[in-house]
Colleague: 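Quick one: the structure is below, questions incoming.
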2 protein chains.
Amino acid sequence: MGRTRVRLKDVAEATGYSVNTVSLVLRGSSRLPLKTRELILKEAERQNYVPNQLARSLILQSTKMVGLVLTDIMNPTITKTARSIELDLAAKGYGVMFASSDNELANEKRALNHLQSSQVDGILIYPTNRSEISHIQNIAKSGYPILMLSDIPDANLDVVAIDDIKGGNIAVSHLIEQGHKQITVLDGAKDLGNSDKYDGAVAAVKAAGLPDSAIKIVDPEGHAAIHGFAAMQKAWASTPRPTAIFASTDSLAIGAARWCRENNLNIPQDVALVGFDNTEAAEFCSTPLTTINYASEDVSKHAVERILSRIEADNATEDTVITLIKPNLVTRESS
Amino acid sequence: MGRTRVRLKDVAEATGYSVNTVSLVLRGSSRLPLKTRELILKEAERQNYVPNQLARSLILQSTKMVGLVLTDIMNPTITKTARSIELDLAAKGYGVMFASSDNELANEKRALNHLQSSQVDGILIYPTNRSEISHIQNIAKSGYPILMLSDIPDANLDVVAIDDIKGGNIAVSHLIEQGHKQITVLDGAKDLGNSDKYDGAVAAVKAAGLPDSAIKIVDPEGHAAIHGFAAMQKAWASTPRPTAIFASTDSLAIGAARWCRENNLNIPQDVALVGFDNTEAAEFCSTPLTTINYASEDVSKHAVERILSRIEADNATEDTVITLIKPNLVTRESS
DNA sequence: TTGAAAGCGCTAACAC
DNA sequence: GTGTTAGCGCTTTCAA
């Protein structure tokens with residue numbers, strides 16, 4: 001292999017033209033006579049010529065690729081956003097190079113390194129850990145266009161993200177409006193320094209004039225439905241019992257709903273339930289889930305626009321921009 | 001940007017050594033004196049040097065990357081396999097470059113072209129269309145290592161895939177064992193020339209000595225739960241009514257289950273339901289779903305092993321190998 | 001209208 | 001121990 005790959009030189013030798021001429025033709029130059037062009041194009045086709053982007057990018061100092069670091073490729077919300085970003089970038093002539101951190105800092109560092117050494121023109125990242133972002137800041141400082149898809153205050157980095165505080169606030173305000181006075185939040189992101197959804201929830205409780213004891217938190221210690229299942233059991237075992245649950249992801253909510261069914265609790269009569277993300281599963285689970293919509297397309301649109309402006313303006317050191325997208329409530333049967 | 005990126009030359013000039021020496025040190029050569037090495041490593045670190053893989057790969061004639069073409073990035077089964085492949089490849093020192101076709105032939109061709117021009121060392125692909133694979137065959141013919149993750153008979157290409165015929169057969173045999181004599185299959189892959197699951201289902205009916213009329217097919221015209229919902233309505237409206245449904249994906253099954261709930265049909269008393277893929281949602285949906293397990297890890301393991309052997313043996317033209325993985329039944333409450 | 005030469009950042013072969 | 005040279009496949013001046 002490798003040596004069997006067709007190069008410009010091969011097409012040049014076969015047609016008798018120089019490498020330069022072949023290159024010109026294949027890039028669609030119109031200043032060559034039609035005859036030459038046809039001859040060369042035909043030969044390239046015949047030999048199945050595929051341009052070598054490596055060589056091309058090396059010269060052009062641009063790969064027309066944007067790197068995207070995901071925390072969890074199995075999370076449908078993140079995947080959906082990734083897909084949206086891929087489409088939006090493609091529309092602008094850019095490709096995307098994926099990498100996943102699996103929520104491990106070491107993986108994240110490795111991924112960033114790999115993307116940089118692959119010479120992507122810019123990087124979009126769902127950061128793993130709020131308290132450890134110096135490596136990201138270093139990349140930004142070195143003049144590399146980079147943007148975070150999750151809000152980390154005072155990071156001094158570009159951000160385009162869903163406003164989780166607002167989201168948590170909306171979810172719990174909704175529950176309070178329904179008359180609930182004892183609410184448990186299922187959220188485990190705190191260990192990564194992120195308690196935005198919970199903070200928003202607490203703010204809603206305060207704003208409603210309820211006592212601090214009106215809200216509690218249970219750490220599901222994981223992201224999958226099975227963790228929501230276990231967390232719900234814990235939540236239900238505590239005194240006083242909650243009358244409503246706010247799960248920080250739909251996946252946790254679905255697990256919680258399952259525990260309720262198995263224990264003969266009716267949703268929303270015995271416990272109300274609100275999720276976060278608005279995944280397909282939320283719509284089709286046993287009791288269609290009230291949830292906070294994660295507007296993937298909006299995140300994508302703004303993120304792509306921003307990173308491309310940094311890339312194409314040669315990253316002229318403008319100020320950092322924080323774009324927070326306000327999420328909305330989708331009311332269904334679970335609350 | 002670009003010009004601001006640090007090169008070997010920059011580190012060389014800063015330390016007074018030649019580019020070659022710096023290169024040697026950074027690649028971990030031990031034949032340089034410790035002093036030199038430390039000096040150079042420190043300077044590289046200080047300047048935040050990141051090697052340029054483009055240049056490196058151009059010389060080495062290898063990117064240590066494998067391309068992976070997915071049909072649908074939102075399909076959890078495909079995503080799960082992708083993740084598994086990513087891990088298995090990483091363990092062997094390879095990265096993976098994703099591309100998605102969204103089940104469109106034109107996208108698939110574009111993706112393959114892009115991967116080839118990015119000089120990936122080999123390609124893994126979930127093909128979009130069974131009847132149109134000449135472009136894949138051409139790639140293989142040109143000596144490029146490529147392997148399909150879905151079985152297309154007589155394609156004369158390497159395959160590692162789940163045995164869908166067997167899967168369909170197991171699913172329907174199970175339903176027949178439960179006493180069902182009127183079964184409807186929800187499967188829309190036929191337009192892409194793939195009716196393996198249905199074929200397996202039909203074979204099960206025949207093997208049980210049931211008449212041809214014991215099995216029917218409804219095309220959901222889509223992959224999402226919502227399509228399963230509509231297809232279930234159609235299935236239920238036909239005469240004679242089915243007593244059991246075999247959905248070709250869990251997503252369709254979940255949509256079908258939802259239709260049943262909304263129409264006060266109990267699963268499995270009024271209709272039994274079997275899905276395919278064994279996704280997390282199947283386990284946590286209203287009635288936990290009996291389904292066929294898609295063994296992502298097995299597919300990944302064999303596919304990675306095979307593509308790497310082609311890559312590392314310089315694709316010495318061996319015979320094509322078809323590896324079909326026999327799926328197993330996961331029995332839950334829906335049947 | 002076409003070709004020759006230089007060079008992108010790196011590695012490898014061979015000097016010294 | 002370290003430097004020099006050539007060259008990976010391509011694009012880009014600049015000549016002819």
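Chain identifiers are assigned alphabetically (A, B, ...) following the order of the sequence lines, protein sequences preceding nucleic acid strands; residue numbering begins at 1 within each chain. Values in this document were obtained by computation on a predicted structure and should not be read as measured data.
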Colleague: Roughly, in whole Å, what's the span from CD in B:Gln53 to C1' in D:dC8?
Modeller: 14 Å
Colleague: Among D:dT11, D:dG9, C:dG3, which nucleotide sits nearest the side chain of A:Ser18?
Modeller: C:dG3
Colleague: What is the distance from CD1 of B:Ile59 to C1' of C:dT11, rounded to the nearest Å?
Modeller: 4 Å
Colleague: Would you please confirm or rule out a distance under 4.0 Å between OP1 or OP2 of C:dG3 and any side-chain N or O of A:Thr21?
Modeller: yes
Colleague: Any ion pair linking B:Arg310 and B:Asp158 (charged N to carboxylate O, less than 4.0 Å)?
Modeller: yes
Colleague: Should B:Thr36 be listed as having a side-chain N or O under 4.0 Å from OP1 or OP2 of D:dT2?
Modeller: yes
Colleague: Would you say A:Gln61 reaches C:dG9's phosphate, i.e. side-chain N/O to OP1/OP2 under 4.0 Å?
Modeller: yes
Colleague: Would you say a side-chain N or O of A:Ser23 is under 4.0 Å from OP1 or OP2 of D:dT11?
Modeller: yes
Colleague: Starting from P on C:dT1, measure out to CG on A:Leu34 and report it in whole angstrom.
Modeller: 12 Å
Colleague: Between A:Tyr17 and B:Leu8, who's closer to the 5' end of DNA chain C by nearest nucleotide?
Modeller: A:Tyr17
Colleague: Are B:Tyr49 and C:dC10 close enough that a side-chain N or O sits under 4.0 Å from OP1 or OP2?
Modeller: yes
Colleague: In whole angstrom, what separates B:Leu24's CG from D:dT4's P?
Modeller: 15 Å
Colleague: Write down the distance between CZ (B:Arg5) and P (C:dC8), rounded to a whole number of angstrom.
Modeller: 15 Å
Colleague: When we call it a touch if two heavy atoms are under 4.0 Å apart, what does A:Leu60 touch: a base, just sugar-phosphate, or nothing?
Modeller: sugar-phosphate
Colleague: Between P on D:dT2 and CZ on B:Arg37, what's the gap in Å once rounded to a whole number?
Modeller: 11 Å
Colleague: Establish, from distance only, whether the side-chain atoms of A:Ser118 and B:Gln53 form a donor-acceptor pair under 3.5 Å.
Modeller: no
Colleague: Compare every heavy atom of A:Ala161 with every heavy atom of A:Ser150, then report the nearest pair and how far apart it is.
Modeller: CA-CB, 3.7 Å
Colleague: Taking atom NE2 of B:His302 and atom CD1 of B:Ile325, what is their separation to the nearest 0.5 Å?
Modeller: 5.5 Å
Colleague: Any N or O donor-acceptor pair linking the side chain of B:Asn20 to the base of D:dT4 at under 3.5 Å?
Modeller: yes
Colleague: Among side-chain atoms of B:Arg110 and B:Asn113, is any donor-acceptor pair under 3.5 angstrom?
Modeller: no
Colleague: Less than 4.5 Å apart, any side-chain heavy atom of A:Gln116 and any of A:Ile123?
Modeller: yes
Colleague: Check every atom of C:dC8, D:dC10, D:dG1 against the side chain of B:Leu32 and return the nucleotide holding the closest atom.
Modeller: D:dG1
Colleague: Which sits closer to the 5' end of DNA chain D, B:Pro33 or B:Ala55, going by the nucleotide each is nearest to?
Modeller: B:Pro33
Colleague: Rounding to a whole Å, what distance do you find between B:Leu58:CG and D:dA6:P?
Modeller: 18 Å
Colleague: Taking CZ from A:Arg56 and C1' from D:dC8, how many angstroms apart are they, rounded to a whole number?
Modeller: 17 Å
Colleague: If each of A:Asn52 and A:Arg31 is mapped to the nucleotide of DNA chain D with the nearest heavy atom, which maps nearer the 5' terminus, i.e. the 5' end?
Modeller: A:Asn52
Colleague: Given C:dT11, is OP1 or OP2 found less than 4.0 Å from the side-chain N or O atoms of B:Arg27?
Modeller: yes
